[in-house]
Amino acid sequence: MKQLFIVCMVLSIGLLTACSPQPIKTIGSSKYYVQIQDNGEEYTEQDNTRYKYKLQGFNEDGEGKKFTFTANHQLKQDAYLRIYSKKDEVITYEEVDYDDIPKEAQQLLEDGNNS
């Protein structure tokens, strides 16, 4: 029985370390969708160039929220991002295809671009 427990622990630790850290960071976060509308505000921090973005995002229920976050490179114009947020802070983001965005958020992003 003790050996089975040890084998299970070793396998569990192996699986956890093989996984990317992103899924672990996003546990308990909220997902919002944004579209890059500008080139970001370029600034330098500790000899590193960064880009600051201020965007309106929407979740799958259509609830809106404003986000401010930075990137270490200029993000692609008109790209769609899925933002993971905890306590009003952007934890991470990833580029997504338009078809991967929930319909309600798609509509609101389109409406925002036409105003």
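Numbers here simply count residues along the sequence, with the first being 1. Note that the structure is predicted; figures quoted are calculated from it, not measured.
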Between Asn72 and Tyr51, which heavy-atom pair has the shortest distance, and what is it?
-> C-CD1, 4.5 Å

Hits for side-chain contact (heavy atoms from CB on, under 4.5 Å) against Asp38, two or more places apart or cross-chain, chain-then-number order -> Tyr53

Student check: side-chain heavy atoms of Tyr33 and Asn59 closer than 4.5 Å | no

Return a table of donor-acceptor pairs under 3.5 angstrom between the side chains of residues 98-108 and protein atoms on other chains or two or more places apart.
residue	atom	partner	partner atom	Å
Gln106	NE2	Tyr98	O	2.7
Gln106	NE2	Ile101	O	3.1
Gln107	NE2	Asp111	OD1	2.9

Over all heavy atoms of both residues, which pair between Gly64 and Phe58 is shortest? Give the atoms and the distance, please.
-> CA-CD2, 3.6 Å

Find out whether Lys31 and Ile83 are in side-chain contact, i.e. whether some heavy atom of one side chain is under 4.5 Å from a heavy atom of the other.
-> no

Sequence neighbours excluded - salt bridge (Lys or Arg N to Asp or Glu O under 4.0 Å) pairs with any residue from residues 56-78 = Lys65-Asp88, Lys76-Glu95

Can you name the side-chain contact (heavy atoms from CB on, under 4.5 Å) partners of Lys52, sequence neighbours left out?
-> Glu41, Tyr43, Lys54, Thr68, Thr70

Could you walk me through whether Tyr93 and Tyr84 pass the ring pair (Phe, Tyr, Trp, His ring centres under 6.0 Å) test, one step at a time?
-> CA-CA 6 Å; Tyr93 60 87; Tyr84 294 90; 9.7 Å; no

Tell me, please, which residues at least two apart from Gln77 pass side chain to side chain donor-acceptor pair (under 3.5 Å).
-> Asn39

Value rounded to 0.5 Å, distance of CZ in Arg82 from OG in Ser29 = 10.5 Å

Rounded to the nearest 0.5 Å, how far does CZ of Arg50 lie from CD of Glu42?
-> 12.0 Å

Under the side-chain contact (heavy atoms from CB on, under 4.5 Å) criterion, do Ile36 and Leu81 qualify, and how do the steps go?
-> CA-CA 8 Å; Ile36 303 300; Leu81 303 180; 3.7 Å; yes

By ring-ring contact (aromatic ring centres under 6.0 Å, His included), Phe67 pairs with (sequence neighbours left out) Tyr32

